[in-house]
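One is the number of the first residue; the rest follow in order along the sequence. The structure displayed is predicted, hence computed values, not measured ones.
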Amino acid sequence: MSRVVVIAGATSGIGRATARAFAERGDRLVLAARATQTLADVRAECADVDVLTVPTDVTEPGALEALAGAAADRFGRIDVWVPTAAVMAYGRFDELPERVFDQVVRTDLLAAADSARVALRHVRATGTGTLILTSSVLGHITAPYMSAYVTSKWGLQGLVRTLQQELRDSPRIRLCLVNPGSVDTPVYQQAANYLGRVGRPPPPVTSSQRVARAIVDCVDRPRREVSVGRLNVVLRAGFTVLPGVYDVLVGPLMRLAGLSGRPVDAHDGTVFAPNPAGEAVRGGHLPDLRQLARSVPGSVGAVLRRRLG
């Protein structure tokens, strides 16, 4: 039986890849994001299933409750809720404008908390449902020049752990947390930047589609926490076991691998408003394997295309 899946932040990166992945399963979708036209594009990509699009700014008061109400009115219930909306900002903490820091935390932490609150109220009414939150390896470690994002992800880790404890008496309501490492999405280029150099995901970089598969898998095999990224365990171990060494190395490594050489003037990125022209599944940090698969003839190419989504 197809499920009713709500995805906030569905027009770019992990959220867009997740929408496609659930559509391939035949699930009914409620897609939300700030950019109305891009929502229409994603809806067209998921044309084989029943899709409702709801233009939504997750930081606006009442917006997520309205989203849940629209989903319930259209489909009668909510089975899965996946909030993936996120923004990012680069800059030294004391040089990052307060309004930018606050808005990143408002989007990445407070709106995620509001999503959890709204979703839990709806699934408690039916006694069953799955909430899948997306955090980051930066919810377990730290990196310089990303203070607002790191603060948000550490806060989200604490919130999820607390909610999982509170849900122990509701075994049919599952709360999962997916923690990717570096992901090939546009969020780095779209980030606010007060550092002077364009950000990029440090290697190794995984695809949005791989993270989306982990999210979809949580519906069938719910787990408290899922890590996506080959170095996540190593980074967490180094941060915890050898904090002095970690702190010595993380700054130079961030400047070498986490920042490009491209200069950039100070700007707010998509922290306060969307940039539809920059929204996509990929950020261009990995080879376009789907394009490569199209060039492979016969059944091998077909298998690759299905695998790459």
*Check: Thr151 and Leu109 side chains under 4.5 Å, non-hydrogen atoms*: no
*asked:* Has Arg230 got a side-chain atom pairing as donor or acceptor with Val205's backbone, closer than 3.5 angstrom?
replied: no
*Starting from the C-alpha separation in whole Å, work towards a yes-or-no answer on side chain to side chain contact (heavy atoms under 4.5 Å, CB included) for Met146 and Met254.*
CA-CA 10 Å; Met146 303 180 70; Met254 179 65 181; 3.6 Å; yes
*Are there more than 12 heavy atoms of other residues, nucleotides or ligands under 6.0 Å from atom CZ of Arg262?*
no
*Can you find a pair of side-chain heavy atoms, one from Leu259 and one from Val198, that are under 4.5 Å apart?*
no
*Heavy-atom donor-acceptor pair, Thr126 side chain to Val123 backbone, under 3.5 Å*: yes
_Trace of the salt bridge (Lys or Arg N to Asp or Glu O under 4.0 Å) decision for Arg16 with Glu279_ = CA-CA 9 Å; Arg16 192 165 183 167; Glu279 295 185 325; 5.7 Å; no
*asked:* Do Leu163 and Leu120 have side chains that approach each other closer than 4.5 Å (heavy atoms only, starting at C-beta)?
replied: yes
*Do Leu242 and Val248 belong together in a cluster built from hydrophobic side chains that touch within less than 4.5 Å?*
no
*Within residues 262-284 or reaching into it, pairs that qualify as ring-ring contact (aromatic ring centres under 6.0 Å, His included) - sequence neighbours excluded*: none
Expected list for residues 62-77: side-chain donor-acceptor pairs under 3.5 angstrom, two or more places apart:
{"unit_1": "Glu65", "atom_1": "OE2", "unit_2": "His122", "atom_2": "NE2", "d": "3.2"}
{"unit_1": "Arg74", "atom_1": "NH2", "unit_2": "Asp50", "atom_2": "OD1", "d": "2.7"}
{"unit_1": "Arg77", "atom_1": "NE", "unit_2": "Asp79", "atom_2": "OD1", "d": "2.9"}
{"unit_1": "Arg77", "atom_1": "NE", "unit_2": "Asp79", "atom_2": "OD2", "d": "2.9"}
{"unit_1": "Arg77", "atom_1": "NH2", "unit_2": "Ser2", "atom_2": "O", "d": "3.3"}
{"unit_1": "Arg77", "atom_1": "NH2", "unit_2": "Asp79", "atom_2": "OD2", "d": "3.1"}

*Indicate, with yes or no, if Ile78 and Val118 share a hydrophobic cluster defined by side-chain heavy-atom contacts under 4.5 Å among Ile, Leu, Val, Met, Phe, Trp and Tyr.*
yes
*asked:* Would Asn179 and Gln157 count as a side-chain hydrogen bond (donor to acceptor under 3.5 Å, both in side chains) here? Give the steps.
replied: CA-CA 10 Å; Asn179 286 326; Gln157 290 282 349; 3.1 Å; yes
_Check: His140 and Lys153 side chains under 4.5 Å, non-hydrogen atoms_ = no
*If you draw a 6.0 Å radius around CZ in Arg99, do more than 12 non-hydrogen atoms from other residues or ligands fall strictly inside?*
yes
*Answer yes or no: does atom CD of Glu98 have more than 12 heavy-atom neighbours from other residues, nucleotides or ligands under 6.0 Å?*
no
_Backbone of Arg172 reached by a side-chain donor or acceptor of Thr128 within 3.5 Å_ = yes
*Gln209 side chain reached by Val281 side chain, heavy atoms, under 4.5 Å*: yes
*Are any side-chain N or O atoms of Arg223 and backbone N or O atoms of Arg221, one a donor and one an acceptor, separated by less than 3.5 Å?*
yes
_Within residues 241-260 or reaching into it, pairs that qualify as ring-ring contact (aromatic ring centres under 6.0 Å, His included) - sequence neighbours excluded_ = Phe239-Tyr246
*Is there side-chain contact between Thr185 and Arg282, with heavy atoms separated by less than 4.5 Å?*
no
*With clusters built from Ile, Leu, Val, Met, Phe, Trp and Tyr whose side-chain heavy atoms come within less than 4.5 Å, directly or transitively, what are the remaining members of the cluster of Val233, listed by chain and number?*
none
_Give me each pair satisfying salt bridge (Lys or Arg N to Asp or Glu O under 4.0 Å) with a member in residues 232-242, each pair once, sequence neighbours excluded._
Glu225-Arg236
*asked:* Side chains of Gln103 and Arg106: any donor to acceptor distance under 3.5 Å?
replied: yes
_Same apolar cluster: Leu159 and Val58, side chain cutoff 4.5 Å_ = yes
_Set of side chain to side chain donor-acceptor pair (under 3.5 Å) partners for Asp41, sequence neighbours left out_ = Gln37
*Hey, could you give me each pair passing ring-ring contact (aromatic ring centres under 6.0 Å, His included) that has a residue in residues 167-216? Not counting sequence neighbours.*
Tyr188-His285
_Tell me every residue that passes salt bridge (Lys or Arg N to Asp or Glu O under 4.0 Å) with Glu60, counting only those two or more places apart in sequence or in another chain._
none
*Decide whether Ser227 and Asn232 meet the rule of one side-chain donor and one side-chain acceptor closer than 3.5 Å.*
yes
*Any idea which heavy atoms bring Asp247 and Val250 closest together, and the distance?*
O-CG1, 3.8 Å
*Evaluate side chain to side chain contact (heavy atoms under 4.5 Å, CB included) for Ser207 paired with Leu286, printing each intermediate quantity in order.*
CA-CA 8 Å; Ser207 68; Leu286 285 173; 4.3 Å; yes
*Report the C-alpha separation of Arg224 and Leu177 in whole Å, then their side-chain angles, then the decisive distance to 0.1 Å, and conclude whether the side chain to side chain contact (heavy atoms under 4.5 Å, CB included) test is met.*
CA-CA 6 Å; Arg224 293 168 58 86; Leu177 185 66; over 6 Å; no
*asked:* For a quick test of reading the model, state the closest non-hydrogen atom pair linking Ala21 to Ala212 and the distance between them.
replied: CB-CB, 4.3 Å
*ILVMFWY network linking Leu235 to Tyr145, side-chain heavy atoms under 4.5 angstrom*: yes
*Give every residue pair that meets the side-chain hydrogen bond (donor to acceptor under 3.5 Å, both in side chains) criterion with at least one member in residues 110-120, sequence neighbours excluded.*
Asp114-Arg117
*Report the distance from atom CG of Asp102 to atom OG1 of Thr59, rounding to the nearest 0.5 Å.*
12.0 Å
*Do side-chain atoms of Thr84 reach the backbone of Gly9 as a donor and acceptor pair under 3.5 angstrom?*
yes
*Hey, does the side chain of Asp108 reach the backbone of Ala112 with a donor-acceptor pair shorter than 3.5 angstrom?*
no
*So if you build clusters from Ile, Leu, Val, Met, Phe, Trp, Tyr with side-chain heavy-atom gaps below 4.5 Å, do Leu133 and Val4 land together?*
yes
_Flag side-chain contact, heavy atom, 4.5 Å: Gln190 against Met88_ = no
*Closest heavy-atom pair and its distance - Pro171, Arg174*: O-CD, 3.8 Å
*Which atoms form the tightest heavy-atom contact between Pro202 and Ser182, and what is the distance?*
O-OG, 2.6 Å
*Does Asp48 CG have over 12 foreign heavy atoms under 6.0 Å away?*
no
*Could you give all pairs that pass the ring-ring contact (aromatic ring centres under 6.0 Å, His included) test and reach residues 80-107, with sequence neighbours left out?*
Phe93-Phe101
*Considering residues at least two apart in sequence or located in another chain, which fulfil the salt bridge (Lys or Arg N to Asp or Glu O under 4.0 Å) criterion with Arg210?*
none
*In the hydrophobic clustering (ILVMFWY, side-chain contacts below 4.5 Å, transitive), which residues join Leu39, or is it alone?*
Val5, Ile7, Ile14, Phe22, Leu29, Leu31, Val42, Val49, Val51, Val80, Val82, Ile132, Val178, Val183, Val211, Ile215, Val216, Val219, Val226, Val228
_Closest heavy-atom pair and its distance - Gly181, Val137_ = CA-CG1, 3.9 Å
_Side chain proximity check, Pro180 to Thr134, heavy atoms < 4.5 angstrom_ = yes
*Where is the tightest heavy-atom contact between Ala192 and Val100, given as atom of each residue plus distance?*
CB-CG1, 3.9 Å
*Take atom CZ in Arg92; do more than 12 heavy atoms of anything else shown fall under 6.0 Å from it?*
no
*How far does CD of Gln164 sit from CD1 of Ile173, to the nearest 0.5 angstrom?*
13.0 Å
